[in-house]
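Below you'll find the structure, written out as structure tokens, and then a few comments.
Atoms within a ligand are numbered from 1 in the order they appear, just like the ligands themselves. Bear in mind the structure is a predicted one, so any value in this text is a computation, not a measurement. Below, all heavy atoms of this structure are taken into account, side chains as well, without hydrogens, waters or symmetry copies.
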Amino acid sequence: MVSQMRVPIAAGNWKMNKTVKEASAFAEAFPGDASFGEVEVIICPPFTALVALANAWQQTPVKLGAQNMHWELKGAFTGEISPLMLSELGCEYVILGHSERRHIFGEKSEAIGKKVHTAFCQNLKPILCVGETIEERESGKTKETIKEQLLLGVELLESEQAKNLVIAYEPVWAIGTGKAATPEDALEVITFIREELKNKFGEEASELIRILYGGSVSPDNVYDFVNHPQIDGTLVGGASLDPTKFGKIVVQTEKAKT
Ligand code: 13P
């Protein structure tokens with residue numbers, strides 16, 4: 001049974017998938033008026049589908065998140081999206097520092113830290129992603145990597161803000177590979193993350209921060225992750241593109257947490 005203080009999350013990261021038409025078809029198949037129980041359901045589509053989904057899921061408990069944003073509110077930043085634009089569309093969450101942003105687009109932890117801070121100032125809740133590569137894991141550098149990404153990511157936050165933070169532990173080697181971490185491996189790193197958060201923000205704030213696991217989560221393995229009180233939910237890529245699979249993930253999360 002999860003601590004009542006932390007509402008469990010089932011979040012879908014659609015990455016660069018689904019046109020507006022395809023997103024609308026998903027919303028029809030996943031109407032959002034089903035009973036999610038205690039689970040907070042968040043979908044993070046491409047920017048272009050946000051308006052259609054905000055309309056489709058109006059008056060439902062499904063929440064929307066973006067997959068990235070800039071740390072400034074406006075200006076000469078061609079191709080970027082401002083937090084103001086996301087809030088206006090009804091986004092409540094924003095994924096920041098996803099490993100694909102870090103490793104394909106070269107985002108650095110310092111820049112991600114600025115984004116995390118700006119998100120809070122604009123009433124967006126960041127889902128800050130951290131995770132080690134296979135090389136880092138095999139050379140015994142998992143904790144060192146996670147610590148660097150985590151502490152620079154939350155560097156500019158006060159304890160009061162940190163309470164609303166969501167962290168997603170996503171080992172890079174488990175993303176899109178069909179080879180999820182074991183719940184024990186995930187738990188070890190998640191416990192380490194909470195300990196680091198406690199050192200930085202104190203016990204009270206750190207106990208309120210939700211920490212998710214991500215990387216090849218499926219309807220078949222989700223229960224084993226979320227069944228542990230320290231794992232507050234999942235950030236799901238591939239399986240979140242299918243309304244039936246994602247629905248099952250929500251149901252399994254609800255089952256594990258109640
Ligand atoms: P997969 O679930 O496709 O492995 O992706 C995980 C992920 O990167 C979610 O942000």
Side-chain angles (χ1 to χ4, degrees), residues 8-18 22-23 26 30 39-47 49-50 62-69 86 91-107 109 112 115-116 119 124-134 136-137 142 145-146 149-150 153 165-183 185-186 189-190 193 210-226 231-253:
I9 289 178
N13 173 11
W14 284 0
K15 309 191 180 184
M16 196 174 73
N17 293 291
K18 293 197 192 290
E22 290 165 342
F26 181 101
F30 191 85
V39 181
E40 193 171 356
V41 175
I42 306 164
I43 292 284
C44 305
F47 297 126
L50 282 167
V62 183
K63 296 184 175 168
L64 286 176
Q67 299 174 17
N68 188 23
M69 58 166 230
L86 299 178
C91 272
E92 193 170 323
Y93 287 89
V94 57
I95 296 173
L96 295 173
H98 189 277
S99 78
E100 287 143 22
R101 300 297 322 165
R102 292 179 192 267
H103 295 292
I104 303 175
F105 301 103
E107 280 194 24
S109 293
I112 295 161
K115 293 180 180 198
V116 169
L124 288 162
K125 293 177 199 149
I127 302 174
L128 171 64
C129 300
V130 297
E132 80 287 1
T133 62
I134 192 66
E136 286 160 343
R137 172 159 283 260
T142 298
T145 304
I146 300 296
Q149 294 176 350
L150 181 70
L165 187 62
V166 179
I167 306 282
Y169 168 54
E170 299 205 310
V172 179
W173 46 271
I175 295 178
T177 58
K179 227 182 139 250
T182 62
D185 280 344
V189 177
I190 284 174
I193 290 173
R210 288 173 293 175
I211 309 181
L212 315 179
Y213 167 76
S216 296
V217 171
S218 71
D220 296 332
N221 66 16
V222 64
Y223 187 90
D224 293 338
F225 288 104
V226 294
I231 304 183
D232 300 314
T234 52
L235 181 56
V236 186
S240 74
L241 296 172
D242 177 328
T244 306
K245 285 187 187 164
F246 190 62
K248 285 184 183 164
I249 287 171
V250 176
V251 168
Q252 292 296 314
T253 306

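- For S216, the heavy-atom gap to ligand 1 drops under 4.0 angstrom.
- Heavy-atom separations between A174 and ligand 1 include at least one value shorter than 4.0 Å.
- Each of the atoms 4 (O), 5 (O), 6 (C), 8 (O) of ligand 1 lies under 4.0 Å from some heavy atom of I175.
- For the pair L235/C129, a side-chain contact is recorded, criterion being any heavy-atom separation below 4.5 Å from C-beta on.
- Contact of the E92 side chain with the E40 side chain is registered, since non-hydrogen atoms from C-beta on lie closer than 4.5 Å.
- Each of the following atoms of ligand 1 lies closer than 4.0 Å to a heavy atom of L235: 9 (C), 10 (O).
- Considering V172, T145, V189 in turn, V189 is the only one that fulfils the side chain to side chain contact (heavy atoms under 4.5 Å, CB included) rule with R137.
- Looking at ligand 1, you won't find any N or O of E100 less than 3.5 Å from one of its N or O atoms.
- For atom 2 (O) of ligand 1, the nearest protein heavy atom (residue, atom name, distance) is G237 N, 2.8 Å.
- You'll find the side chain of L64 stays beyond 4.5 Å of the side chain of I42, heavy atoms only.
- Protein heavy atom at the shortest distance from atom 3 (O) of ligand 1 is G238 N, 2.8 Å.
- Note: an N/O pair closer than 3.5 Å links G176 and ligand 1 by distance alone.
- At a threshold of 4.5 Å between non-hydrogen side-chain atoms, the residues E132 and W173 count as touching.
- For atom 5 (O) of ligand 1, the closest heavy atom belonging to the protein is K15 NZ, 3.3 Å.
- At least one heavy atom of G215 sits under 4.0 Å from some atom of ligand 1.
- Annotation: side chain to side chain contact (heavy atoms under 4.5 Å, CB included) contacts of D242 (sequence neighbours excluded): T244, K245.
- With contacts defined as side-chain heavy-atom distances shorter than 4.5 Å, the pair T253/V41 does not qualify.
- Among protein heavy atoms, atom 9 (C) of ligand 1 sits closest to E170 OE2, 2.9 Å.
- No side-chain heavy atom of P219 sits under 4.5 Å from any side-chain heavy atom of Q252.
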